[in-house]
Amino acid sequence: AQRVTQPEKLLSVFKGAPVELKCNYSYSGSPELFWYVQYSRQRLQLLLRHISRESIKGFTADLNKGETSFHLKKPFAQEEDSAMYYCALSPRASGSARQLTFGSGTQLTVLP
Amino acid sequence: GAVVSQHPSWVICKSGTSVKIECRSLDFQATTMFWYRQFPKQSLMLMATSNEGSKATYEQGVEKDKFLINHASLTLSTLTVTSAHPEDSSFYICSVSRLAGVADTQYFGPGTRLTVL
């Protein structure tokens with residue numbers, strides 16, 4: 001069975017400090033990993049996906065298959081980064097809709 | 001992206017009544033939609049996959065007779081909570097799946113807060 005683990009429910013950092021939100025997964029095949037973000041009073045939205053290998057709002061995440069991890073990182077946190085972050089997993093893209101399995105989420109608070 | 005709406009945004013009902021929640025894809029035709037529920041301070045749990053023109057696929061532990069899903073058109077899926085009870089109180093969220101090449105992305109609705117008295 002597939003599983004996504006986010007060990008930190010709450011994470012607080014000061015503005016300008018580096019931030020890392022941890023995500024580990026278990027999956028028997030080749031997964032695709034995502035980070036979704038939910039700002040206060042807004043809907044869930046895609047932040048980034050590992051196959052894109054891009055930086056969004058200064059965030060990056062690298063898939064480490066050896067450690068089965070997909071940690072989200074940003075070198076200098078901003079107050080507007082305060083939000084709920086969910087790591088999610090789906091089977092590899094195959095041309096059809098895929099189900100997502102979500103982690104429990106990490107509430108990030110960036111302090112002034 | 002994709003624009004997804006849900007109606008109503010919140011609803012309060014009495015125990016034993018049925019409640020219908022609508023999920024609409026506003027800017028493209030969605031063959032597949034998903035329904036999730038989220039309890040306070042918990043993650044999203046997939047309830048079912050809704051496919052246009054066919055029966056929904058329910059996750060293990062989700063009662064299909066209690067949570068009726070209808071996906072009669074490419075822009076609308078409905079979730080009806082039948083004979084609602086207080087334990088059904090939750091945040092219900094839908095998403096639509098949009099394909100770009102071989103990779104699909106899910107776009108989420110704003111959610112519906114259901115409170116059963």
Side-chain angles (χ1 to χ4, degrees), chain A residues 1-11 21-25 30-54 56 63 83-109, chain B residues 1-6 9-10 23 25-26 28-52 54 56-62 71 74 77 91-113:
Chain A
Q2 55 207 47
R3 186 180 181 91
V4 178
T5 303
Q6 293 179 249
E8 304 140 326
K9 284 198 168 184
L10 303 171
L11 182 63
L21 289 83
K22 291 185 166 49
C23 173
N24 288 90
Y25 67 91
S30 294
E32 183 172 357
L33 275 295
F34 306 80
W35 277 98
Y36 280 82
V37 60
Q38 188 169 28
Y39 300 102
S40 180
R41 300 180 188 278
Q42 295 187 28
R43 69 186 68 194
L44 201 63
Q45 57 185 286
L46 178 66
L47 180 62
L48 54 80
R49 57 204 303 169
H50 90 266
I51 61 171
S52 300
R53 295 183 177 274
E54 56 190 347
I56 304 294
L63 180 63
M84 190 72 167
Y85 291 81
Y86 292 97
C87 183
L89 172 156
S90 75
R92 178 164 284 185
S94 61
S96 60
R98 298 167 292 166
Q99 296 178 347
L100 284 169
T101 299
F102 284 89
S104 54
T106 298
Q107 179 67 50
L108 173 66
T109 301
Chain B
V3 182
V4 183
S5 71
Q6 281 185 241
S9 54
W10 59 270
C23 176
S25 176
L26 300 181
F28 86 104
Q29 295 180 324
T31 304
T32 303
M33 296 185 181
F34 298 95
W35 285 96
Y36 297 84
R37 66 188 298 182
Q38 185 178 31
F39 290 108
K41 300 187 186 299
Q42 294 188 28
S43 187
L44 285 78
M45 298 298 295
L46 179 66
M47 298 176 67
T49 303
S50 170
N51 294 298
E52 188 268 338
S54 64
T57 304
Y58 290 81
E59 294 302 296
Q60 192 172 10
V62 178
H71 193 158
L74 289 172
S77 176
F91 196 54
Y92 292 87
I93 305 170
C94 73
S95 71
V96 304
S97 174
R98 186 166 196 173
L99 270 172
V102 297
D104 61 304
T105 300
Q106 287 190 33
Y107 297 92
F108 288 82
T112 296
R113 173 77 58 194

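By convention in this document, chain letters (A, B, ...) are assigned in the order of the sequence lines, proteins followed by strands, and residues within each chain are numbered from 1.
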A/R43 and B/G109 have their tightest heavy-atom pair at CB-O, 3.6 Å

Given a strict heavy-atom distance threshold of 4.5 Å, which part of B/L99 is in contact with chain A: side chain, backbone, both, or neither? side chain

Residues which pass side-chain contact (heavy atoms from CB on, under 4.5 Å) with A/E8, listed by chain and number, not counting sequence neighbours: A/K22, A/T106

Scored by heavy-atom pairs under 4.5 Å with chain B, the best of A/Q42, A/Q6, A/R49, A/Q107 is A/R49

Could you give the side-chain donor-acceptor pairs of residues 83-93 of chain A under 3.5 Å, partners two or more places apart or in another chain?
from: A/Y85; atom 1: OH; to: A/D81; atom 2: O; distance (Å): 2.6
from: A/Y86; atom 1: OH; to: B/Q38; atom 2: NE2; distance (Å): 2.7
from: A/S90; atom 1: OG; to: A/R98; atom 2: NH1; distance (Å): 3.2

Answer with side chain, backbone, both or neither: which region of B/Q42 has an atom nearer than 4.5 Å to a non-hydrogen atom of chain A? backbone

For B/V62 and B/M47, the nearest pair of non-hydrogen atoms, with its separation, is CG2-O, 3.7 Å

Does any heavy atom of chain A fall under 4.5 Å from the side chain of B/S97, the backbone, both, or neither of them? side chain

Just checking, any donor-acceptor pair under 3.5 angstrom between side chains of A/Q99 and B/E59? yes

Check each atom of A/L44 against the heavy atoms of chain B and say whether the ones under 4.5 Å are side chain, backbone, both or neither. both

If I measure from the heavy atoms of chain A, does B/Y36 come under 4.5 Å with its side chain, its backbone, both, or neither? side chain

